[in-house]
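Just follow the structure's listing: the first ligand is 1, and inside any ligand the first atom is 1.
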Amino acid sequence: MDYIVDNVRRIQDAISQAAAKSGRPPEDVTLVGVTKTIDIPRIQALLDLGVVNLGENKPQELCGKYAVLGDCAHWHLIGHLQTNKVKSVIDKASMIHSVDSLRLAEEIDKRSKSVQKIMDVLIEVNIAGEFSKQGVEPEKTLDFIDSLLYLTNIHVCGLMCIAPYVDNPEKNRNYFVKMKQLFIDANGTILHNKEMKHLSMGMSNDFQIAVEEGATMVRIGTGIFGERFYV
Ligand SMILES: *Cc1c(COP(=O)(O)O)cnc(C)c1O
């Protein structure tokens, strides 16, 4: 599994360079290794390299892997989350990147209370206004965050987006710039359950551009493990 070692080194170098371009140290950017469809031995190879933040998009898959690896990793739920699946991941996930409705936020809050936890969440923004994508409309994001004020067991710690799939990643730069501005604007009000620290944006195809524009978390699967094969 030497290819995993090589890929991770290459990605970490590219992150460092992109962070430097935006005047930041490499530690400013967390690499979230996206492990959906990836088996345990390959995930273990990633953990051995010190990449301990793992992203899964399906609750059931996260739970299955958690049963084996437990708290050796920090689990990030990065995909769309249905309210009826919140309960299964609440005690396992350390961050939920995909909050985009009041109903979902309320359910996360309620379930967090029942396990005496405060869950770190990111607000997913549909930055390009794509019909096929989840997320809050950019114009509604600040009001949405304010509407979560009364939820005491969630901690709103940033924003997330999935940029469009493009052949040339430069095409997404403008969306990342918009995300950064929203992030700054969201910092403008002080709420007890909000502390904007993270901007989760950038995937295998476009993470360098995202980091240049201020990403603090990049979510990378293919770049580490190669193409995914769905069975
Ligand atoms: C699959 C996935 C990724 C990683 O995509 P790659 O192109 O393989 O790096 C990132 N974020 C989300 C939400 C995903 O579902």
Side-chain angles (χ1 to χ4, degrees), residues 1 3-4 6-15 18 29-39 42-43 45-46 49 51-65 73-82 85-86 89 93-101 104 108 120-136 157-173 175-176 179 198-231:
M1 289 192 260
Y3 71 96
I4 294 178
D6 293 342
N7 287 342
V8 167
R9 289 226 175 93
R10 204 169 30 74
I11 289 163
Q12 282 171 335
D13 282 348
I15 289 173
V29 184
T30 301
L31 169 59
V32 177
V34 175
T35 48
K36 60 191 185 199
T37 77
I38 304 299
D39 57 20
R42 285 185 290 164
I43 298 175
L46 188 59
L49 294 170
V51 179
V52 294
N53 288 282
L54 305 182
E56 287 285 340
N57 68 336
K58 296 202 176 89
Q60 201 179 347
E61 197 171 336
L62 189 155
C63 291
K65 288 171 183 171
H74 304 300
W75 299 94
H76 296 249
L77 200 286
I78 59 175
H80 178 60
L81 182 57
Q82 290 173 289
K85 300 281 168 60
V86 170
V89 296
S94 44
M95 188 180 281
I96 296 174
H97 290 226
S98 48
V99 171
D100 65 353
S101 74
L104 177 59
I108 294 171
D120 282 342
V121 303
L122 304 180
I123 307 307
E124 181 170 352
V125 180
N126 186 354
I127 195 65
E130 293 176 280
F131 284 117
S132 58
K133 295 246 166 87
Q134 315 287 334
V136 182
C157 55
L159 305 178
M160 177 271 221
C161 78
I162 303 174
Y165 186 80
V166 286
D167 44 9
N168 174 4
E170 275 296 337
K171 288 182 183 161
N172 281 339
R173 187 180 291 276
Y175 294 126
F176 297 139
M179 284 294 290
H198 285 296
L199 198 45
S200 169
M201 60 186 191
M203 303 171 31
S204 296
N205 197 31
D206 55 15
F207 72 93
Q208 281 142 299
I209 312 276
V211 172
E212 285 174 21
E213 298 304 337
T216 69
M217 281 187 168
V218 291
R219 310 178 309 269
I220 300 183
T222 314
I224 297 174
F225 298 109
E227 287 298 321
R228 282 178 290 274
F229 297 100
Y230 293 91
V231 285

Would you mind reporting whether V29 and F207 have side-chain heavy atoms less than 4.5 Å apart? no
Taking C-beta and beyond as the side chain, do L122 and L159 meet within less than 4.5 Å on heavy atoms?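 Heavy-atom side-chain distance check fails, nothing below 4.5 Å.
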Test side chain to side chain donor-acceptor pair (under 3.5 Å) applied to E170 - qualifying residues, sequence neighbours left out: R173
Approximate separation, where rounding is to 0.5 Å, of M217 CE and M95 CE: 4.0 Å
Which atom pair, heavy atoms only, marks the closest approach of K85 to P59? CB-CG, 3.8 Å
Where on I162 is there a heavy atom closer than 4.0 Å to ligand 1, on the side chain, on the backbone, on both, or on neither?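 The part of I162 near ligand 1 is the side chain, not the backbone.
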Of the listed options A163, S204, G79, closest to atom 9 (O) of ligand 1 (non-hydrogen atoms):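 The option holding the nearest heavy atom is S204.
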Sorted by chain and number, sequence neighbours left out, side chain to side chain contact (heavy atoms under 4.5 Å, CB included) with Q12 holds for V8, L31, V51
Which atoms of ligand 1 sit under 4.0 Å from any heavy atom of [X]?
{"X": "T222", "result": "6 (P), 7 (O), 8 (O), 9 (O)"}
{"X": "I220", "result": "9 (O)"}
{"X": "K36", "result": "1 (C), 2 (C), 3 (C), 14 (C), 15 (O)"}

Short N/O distance, under 3.5 Å, between G221 and ligand 1?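 Yes.
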Within the structure, is a non-hydrogen atom of H97 found at a distance of less than 4.0 Å from ligand 1?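 In this structure, H97 fails to qualify as a contact of ligand 1 - no heavy atom is under 4.0 Å.
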